[in-house]
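To start, the structure itself, in structure tokens.
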Amino acid sequence: MSDEKLTPRSVDFSEWYNQLVQRAELADYAPVRGCMVVRPYGWTLWENIQAALDRRFKETGHVNAAFPLFIPMSFLEKEKEHVEGFSPELAVVTVGGGEKLEEPLVVRPTSETIIGYMYSKWVQSYRDLPILINQWGNVVRWELRTRLFLRTLEFYWQEGHTAHATEAEAREETLRMLDVYADFAINDAAVPVIKGVKSQTEKFAGAVMSTTIEAMMQDTRALQSGTSHFLGQNFAKAFDIKFLDENNTLQYAWTTSWGLSTRFIGAIIMTHGDDQGLILPPKLAPIQAVIVPILKSDLESAPVMEAVRRVEAELKAAGIRVKVDDRAEVTPGFKFNDWELRGVPIRIEIGPKDVEKGSVALARRDKPGREGKSFVPQAGLAETVKTLLADIHASLLARATAFRDSHIFDPKDYAELTEAVQNGWAYSYWCESAECEAKVKEDTKATTRCIPLDQPSGKGKCIVCGKDAERKVYFAKAY
RNA sequence: CGGGGCGUGGCUCAGCCCGGUUAGAGCGCUGCGUUCGGGACGCAGAGGUCGGCGGUUCAAUUCCGCCCGCCCCGACCA
């Protein structure tokens, strides 16, 4: 609800984002710096994301559980890289019930440690494995610079934690869940992502290997949209997760963890949104179709509203998430803009002319103006809407994919690379040394985003140092 | 934590330099009426410890000091 236009993306992309998040009522700033309130519209979107992921987790054999928010400080310290990675951003509770605590409690920044501790209690035999548990919850990381959804002190996510008898099985699980994320991103959110492996410097603190799905936002910056980690035996050794195998030999388990957070909402906003506001992917949109009645006078009100209610009931019965905007105090034109700001995929206008002709006006959010508007019969509308929703999904995905691909460059030399990452991603051979990675970062602020799983067949020379390189990597500025 | 900016109705801001009557505007909000196929209009209203504390002064939103908070820019991150 606002009468002013959004700052256009071309003028100030991050200002566009900030205004949009608030005006669309996805989230608001909380009284504590860096914390956000997820408003009902934003939370419903998150619930739809949760449902889409949770279904996939269950299908791949996982179960949900809940682990505590507080973790003994000493747990974090058991895994060297882990504590080094997270200690700068920990929130620590030192007083409880008015008394200084004997051991400070960390508000979980992630739950590998406490879950590792529990797994060590639960695992004795190879017959206890694998353990495939997911948790939906919140975590706290004391970030310095925050943005709604993209980086807040507290955020909501899911974290899967699995333990396996063999390395191969754990590695397989890591990639399986990466596939789950990619499938969700592409097929439910219409966000094209690239699956890949993080460099040693970019990987999760404590992991042997981190994998990621990377998405390109409309300002061409990269957003890590979900991660899946192969933790090797690092946490098993730190927390003593041991089992007897078939040969009665004591072995450390192999663990994985994987997470996707409310940050993904930021990915949706910055992948699809336009200068009018949000464009939500149909499968995740809290409201898939909004009906706006057009009332010329009180006389015409009754037949129009009768048609509106009938259409509403039909769409509902067909499983479409539909809302009637029957507010009397604002005009249809206002409502059009209002729902466009909120990203509802389809608008249905029903007025006196439609009652007369047995038609409705359909407007698709992804194609503004006349191009996206059509007049269709009321008969069979549920099917028409379903088809259109599917079509919108496909066109959003195609558009985002085309945008991304047209902003991925293949620089011929280092000078071209520095140019490429100013308005896109550079896809280049890299010798995988931390030195070359650091040089690019220092010169351009771009980091390695991932070494994609799909690689060209040949080999090449490192774009930075010219030495032999096995694999190509994406360099990009990132969120 | 370094550099810059800002705190005045719900929001965006004016007023402050140069202290002095009832502190304003636009938007939003409430009520009534007319409207309604791309951001309607009229009339009548409600709403402010001018971020906090202290100082200067007959008198402080205005001048001074301290504190608090927020935003932007530089070192970390899903």
Side-chain angles (χ1 to χ4, degrees), chain A residues 1-6 12 14-15 18-19 22-23 28-34 84-90 109-110 138-147 149-159 181 198 201-205 207 210 212-215 222-229 257-267 276-277 292-301 304 325-341 347-357 359-363 368-370 372-373 375 441-442 445 447 478-479:
Chain A
M1 287 276 267
S2 176
D3 60 327
E4 277 178 50
K5 281 206 156 59
L6 281 171
D12 186 341
S14 74
E15 182 59 23
N18 291 339
Q19 289 181 4
Q22 288 190 82
R23 292 210 199 154
D28 203 352
Y29 294 102
V32 177
R33 180 196 70 86
E84 281 174 7
F86 280 104
S87 58
E89 50 187 59
L90 292 179
T110 179
N138 55 342
V139 287
V140 168
R141 298 178 187 179
W142 214 264
E143 302 288 353
L144 299 177
R145 305 200 56 193
T146 58
R147 301 282 305 279
F149 291 119
L150 299 174
R151 180 168 299 108
T152 47
L153 297 199
E154 180 187 18
F155 60 88
Y156 302 89
W157 74 345
Q158 58 68 218
E159 47 179 326
Y181 287 151
K198 283 290 185 188
T201 50
E202 294 286 332
K203 73 174 190 193
F204 175 75
S210 286
T212 174
I213 49 170
E214 294 286 325
L223 184 74
Q224 178 175 317
S225 305
T227 50
S228 181
H229 313 292
S257 67
W258 26 277
L260 186 146
S261 75
T262 37
R263 175 181 243 200
F264 200 89
I265 291 175
Q276 280 301 323
V292 177
I294 312 293
L295 305 171
K296 292 275 192 202
S297 67
D298 286 348
L299 256 178
E300 286 162 329
S301 163
V304 166
D325 186 352
D326 55 4
R327 286 178 292 177
E329 66 275 15
V330 290
T331 59
F334 182 91
K335 293 177 185 178
F336 297 168
N337 286 284
D338 199 29
W339 293 111
E340 279 166 10
L341 176 69
R347 182 181 72 240
I348 300 170
E349 303 166 26
I350 302 179
K353 289 181 210 161
D354 299 297
V355 171
E356 223 172 274
K357 298 185 210 160
S359 64
V360 304
L362 270 192
R370 186 156 298 179
K373 205 156 170 174
F375 299 88
K441 185 173 182 181
E442 198 180 312
K445 289 181 183 168
T447 52
Y479 277 96

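Numbered from 1 within each chain, the chains take letters A, B, ... in sequence-line order.
- Residue Phe334(A) places its side chain closer to G39(B) than to any other of G39(B), A78(B), C36(B).
- By the side-chain contact (heavy atoms from CB on, under 4.5 Å) test, Ala205(A) pairs with Phe86(A), sequence neighbours left out.
- Judged by a 6.0 Å distance limit and a 45° cone about the ring axis, Arg263(A) is not positioned over the six-membered ring of Phe155(A).
- By the ring pair (Phe, Tyr, Trp, His ring centres under 6.0 Å) test, Trp258(A) pairs with Phe57(A), His62(A), sequence neighbours left out.
- With hydrogens and angles disregarded, no donor-acceptor distance shorter than 3.5 Å links the side chain of Asn138(A) to the backbone of Val140(A).
- Every residue meeting the side-chain contact (heavy atoms from CB on, under 4.5 Å) condition with Gln22(A), not counting sequence neighbours, appears here in chain and number order: Asp28(A), Tyr29(A), Leu148(A).
- Ranking G37(B), G38(B), A78(B) by closeness to the Pro352(A) side chain, first place goes to G37(B).
- A donor N or O paired with an acceptor N or O is not found under 3.5 Å between the base of G39(B) and the side-chain atoms of Asp338(A).
- A gap of 32 Å separates the P atoms of G45(B) and U62(B), to the nearest Å.
- By the salt bridge (Lys or Arg N to Asp or Glu O under 4.0 Å) test, Glu89(A) pairs with no residue at all, sequence neighbours left out.
- Comparing the P positions of G2(B) and A46(B) gives an interatomic distance of 48 Å, to the nearest angstrom.
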Notebook entry, point to check: How is the base pairing of RNA chain B summarised as a dot-bracket string, given the Watson-Crick and G-U wobble criteria with both distances under 3.5 Å, [ ] for crossing and | for another strand?
Noted result: (((((((..((((......[...)))).((((((.....)))))).....(((((..]....))))))))))))....

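- No engagement by Gly259(A) is indicated, since no non-hydrogen atom pair under 4.0 Å with the nucleic acid exists.
- Spacing between atom CD of Gln19(A) and atom C1' of U12(B) amounts to 11 Å, rounded to whole angstrom units.
- Between G39(B), G37(B), A78(B), one nucleotide has an atom nearer to the side chain of Lys5(A) than all others, and that is G39(B).
- Where Glu89(A) and Ala363(A) meet RNA chain B, the nucleotide closest to each residue was compared, and Ala363(A) sits on the side nearer the 5' end.
- Both geometric conditions, a ring-centre gap below 5.5 Å and a plane tilt below 30°, are not fulfilled together for Trp157(A) over the base of A78(B).
- Considering every non-hydrogen atom in both Arg23(A) and Leu6(A), the closest pair reads NH1-N, 3.8 Å.
- Separation of the P atoms belonging to G3(B) and U12(B) is 27 Å when rounded to the nearest angstrom.
- The ring pair (Phe, Tyr, Trp, His ring centres under 6.0 Å) test applied to Tyr156(A) returns Trp43(A), not counting sequence neighbours.
- Distances were taken from every side-chain heavy atom of Lys441(A) (C-beta onward) to each of C76(B), A78(B), G37(B); the shortest belongs to C76(B).
- For the C1' atom pair drawn from G19(B) and C50(B), the interatomic distance equals 15 Å after rounding to whole Å.
- A distance of about 28 Å separates the P atoms of C27(B) and C72(B), rounded to the whole Å.
- Residue Ser261(A) places no side-chain N or O under 4.0 Å from the OP1 or OP2 atom of A78(B).
- Spacing between U61(B) and C16(B) at atom C1', rounded to whole Å, works out to 7 Å.
- The side chain of Arg141(A) lies closest to A78(B), out of A78(B), C76(B), G37(B).
- With a 4.5 Å cut-off on side-chain heavy atoms, Gln158(A) and Leu260(A) count as touching.
- Spacing of P atoms, C32(B) relative to G37(B), comes out at 22 Å, to the nearest Å.
- Considering only side-chain atoms of Asn337(A), the nucleotide from C76(B), C36(B), G39(B) that sits closest is G39(B).
- Mapping Glu329(A) and Pro332(A) onto RNA chain B by nearest heavy atom places Pro332(A) at the nucleotide closer to the 5' end.
- Every side-chain contact (heavy atoms from CB on, under 4.5 Å) that Thr212(A) has, sequence neighbours left out, goes to Lys198(A), Glu214(A), Gln224(A), Thr227(A), Cys450(A).
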Notebook entry, point to check: What one-letter contact string describes nucleotides 67-74 of chain B from 5' to 3', where B marks a base within less than 4.0 Å of any protein heavy atom, S marks contact via sugar-phosphate atoms alone, and - marks no contact?
Noted result: ---S--SS

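- Note on Leu150(A): a base of the nucleic acid sits closer than 4.0 angstrom, heavy atoms only.
- Under the rule for a side-chain contact (heavy atoms from CB on, under 4.5 Å), the partners of Val304(A) that lie at least two apart in sequence or sit in another chain are Pro293(A), Leu295(A), Val308(A), Pro352(A), Val355(A).
- The separation of G48(B) from C66(B), taken at their C1' atoms, amounts to 26 Å, rounded to a whole angstrom.
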